[in-house]
Protein chains: 2
Amino acid sequence: MKNKYLVIYQELVEQIEDGEYKVDELLPSENELKETFDTSRETIRKALNLLSQNGYIQKVRGKGSVVITRNKFDFPVSGLVSFKELSEKLDQNAETVVHDLTLTNPSRHLQHQLQVTKDQEIWRVVRARHLAGESVILDKDFLIKEHVPHLTEDICKDSIYTYLEGELGLKISFAKKEITVEEPTLEDKELLDFEGFHNIVVIKNYVYLDDATLFQYTESRHRPDRFRFVDFARRHQS
Amino acid sequence: MKNKYLVIYQELVEQIEDGEYKVDELLPSENELKETFDTSRETIRKALNLLSQNGYIQKVRGKGSVVITRNKFDFPVSGLVSFKELSEKLDQNAETVVHDLTLTNPSRHLQHQLQVTKDQEIWRVVRARHLAGESVILDKDFLIKEHVPHLTEDICKDSIYTYLEGELGLKISFAKKEITVEEPTLEDKELLDFEGFHNIVVIKNYVYLDDATLFQYTESRHRPDRFRFVDFARRHQS
DNA sequence: AAGTGGTCTAGACCACCCG
DNA sequence: GGGTGGTCTAGACCACTTT
């Protein structure tokens, strides 16, 4: 509990989710909130901007902050979410099978994607994700060894992210994501239950650390029926 | 040219894109920028936060603002982009065929999606988008007549967004987007050049106005080879 | 006219990084 | 220790909506 504006943000999120402020209602004005939280208006505005960015409110000039609908199906695939968090949200029987966990030198393609030289060692992790008894997602992770000296099958079966952020204290700050639909490869057909599906959804992720260094490249290959992406785009200035 | 922080933002974007600041280099510090732009630090910070949100820089505590790579293929499909802007970016021969432009009463499904009653009239617009001579995208737009009294084929052939924002002065503020992969419908097969493709990428858009009212529901149906989505996700606080 | 959010200012203290 | 970005403050003026 440090940052005032974060505390205020969390407090307001809770109140909205508890239904204390309903959809289409107005939040108290910034001046009122300033008083109730005993702070300055700019700090209140920081908290409100967070609410706005995360899809809780829409600010309207001259009126106030309107509470808006978060879609029912609004689970946050948008942004950075690991399979572990995701399967917990979806509340399904989830299992992970590790097919490969090796140290290699990067191919030319990977050298380019990860911006490394051919002499830097790279972890290659291939995992199949099972939901409701079917193998539906193939995750291929490539991590720069320099940042991740150790990696075991147990870590990969659980969640690499949890390990990186928890044990290693690495701070992941942002990711660039590219989504395309492609023909399945032989590897896809081998490791996934494909049953007559003709395409595969490929999500390429470039993951950056807090200090702006690129350290991981991931391909997450989804059977099309098990793919859904939700995005929340706010219009900014030109 | 009004908002100081926007002017500063645009100035810095230009300098970065012109290569005055290169990838992995630091921008001048906030205090220096404060002086050069003759303003306060908070205003500089507002501009820098915009740069950060739009993927130009990564701020590192104790060091400065690092310029980061925008991928070469980084055309902004992320966020709200109309077909017109998109085809201009891609620099292809683009054409739009209007297949339907009618006023109807909403089906039960649409009543739900648009949150309207069955008595409110709705524009139904169906357009096929042609790129390089092939019909590859099917756009189905549903607009609430209350907000858009007039609509002509010419407007639809050009860009509905341009008309709404330009002529009508409507301000679009944000959209919720959902991407899935589905089986093509008969309509898809009729109106698109499908040639052996087995899936279709469906992008459902819920578009909101400045005052937080929902006014449009759109389905954009892409042939899989013509679909690509780029996202830039920043990790925020818990 | 009163109230709302949007912008801008000048100053302060802090946590962090680096030489 | 000096510089950096992160947070917070108290106050000001503006554009907009509502009564």
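Order of the sequence lines fixes the chain letters, A, B, ..., with proteins taken first and strands second; residue numbering starts at 1 for each chain.
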Trainee: Can you sort out which residues in residues 37-48 of chain B have a heavy atom within less than 4.0 Å of DNA chain D? Ascending by number, please.
Mentor: B:Arg41, B:Glu42, B:Arg45
Trainee: Could you tell me which residues satisfy side-chain hydrogen bond (donor to acceptor under 3.5 Å, both in side chains) with B:Thr104, sequence neighbours excluded, listed by chain and number?
Mentor: none
Trainee: Taking only residues two or more places apart in sequence or in another chain, which ones pass side chain to side chain contact (heavy atoms under 4.5 Å, CB included) with B:Glu146?
Mentor: B:Gln120, B:Ile144
Trainee: Check the distance between D:dT4's C1' and B:Gln58's CD and give it to me in whole angstrom.
Mentor: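 These atoms are roughly 15 Å apart.
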Trainee: Residues two or more places apart in sequence or in another chain: which of them pass side chain to side chain contact (heavy atoms under 4.5 Å, CB included) with A:Arg61?
Mentor: none
Trainee: List for me each residue that meets side chain to side chain contact (heavy atoms under 4.5 Å, CB included) alongside B:Thr43, sequence neighbours excluded, and say none if there are none.
Mentor: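 Counting only residues at least two positions away or on another chain, B:Thr43 forms a side chain to side chain contact (heavy atoms under 4.5 Å, CB included) with B:Lys4, B:Tyr5, B:Ile8, B:Thr39, B:Ser40.
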Trainee: For DNA chain C, which nucleotides open and close the run of contacts to chain A, 5' to 3', at under 4.0 angstrom from a non-hydrogen atom?
Mentor: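 Using the under 4.0 Å cut-off, the span is C:dG3 to C:dC8.
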Trainee: What is the distance from CG of B:Asn3 to P of D:dC16, rounded to the nearest Å?
Mentor: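 Value for this atom pair: 11 Å.
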Trainee: Could you name each residue pair satisfying salt bridge (Lys or Arg N to Asp or Glu O under 4.0 Å) that touches residues 100-123 of chain A, not counting sequence neighbours?
Mentor: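 Only A:Asp100-A:Arg124, A:Glu121-A:Lys145 qualify under salt bridge (Lys or Arg N to Asp or Glu O under 4.0 Å).
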Trainee: For B:His109, check side-chain hydrogen bond (donor to acceptor under 3.5 Å, both in side chains) against everything at least two apart and list the hits.
Mentor: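 Here the qualifying residues are B:Gln113.
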Trainee: Please list all pairs passing the salt bridge (Lys or Arg N to Asp or Glu O under 4.0 Å) test where one or both residues lie in residues 47-58 of chain A, with sequence neighbours left out.
Mentor: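 The answer is none; no pair qualifies.
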Trainee: Kindly say whether A:Val148 contributes a backbone atom to a donor-acceptor pair with the side chain of A:Trp123 at under 3.5 angstrom?
Mentor: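 Yes; at least one donor-acceptor contact below 3.5 Å.
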Trainee: Of all residues at least two apart in sequence or in a different chain, which pass the side-chain hydrogen bond (donor to acceptor under 3.5 Å, both in side chains) check with A:Lys46?
Mentor: none
Trainee: Which atoms of nucleotides 1-3 of chain D (N or O only) lie under 3.5 Å from a protein N or O atom, and what are those distances?
Mentor:
residue : atom : partner : partner atom : Å
D:dG3   : N2   : B:Gly62 : O            : 3.3

Trainee: Just to verify, what does B:Glu25 make a side-chain hydrogen bond (donor to acceptor under 3.5 Å, both in side chains) with, not counting sequence neighbours?
Mentor: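 For B:Glu25 there are no side-chain hydrogen bond (donor to acceptor under 3.5 Å, both in side chains) partners, ignoring immediate neighbours.
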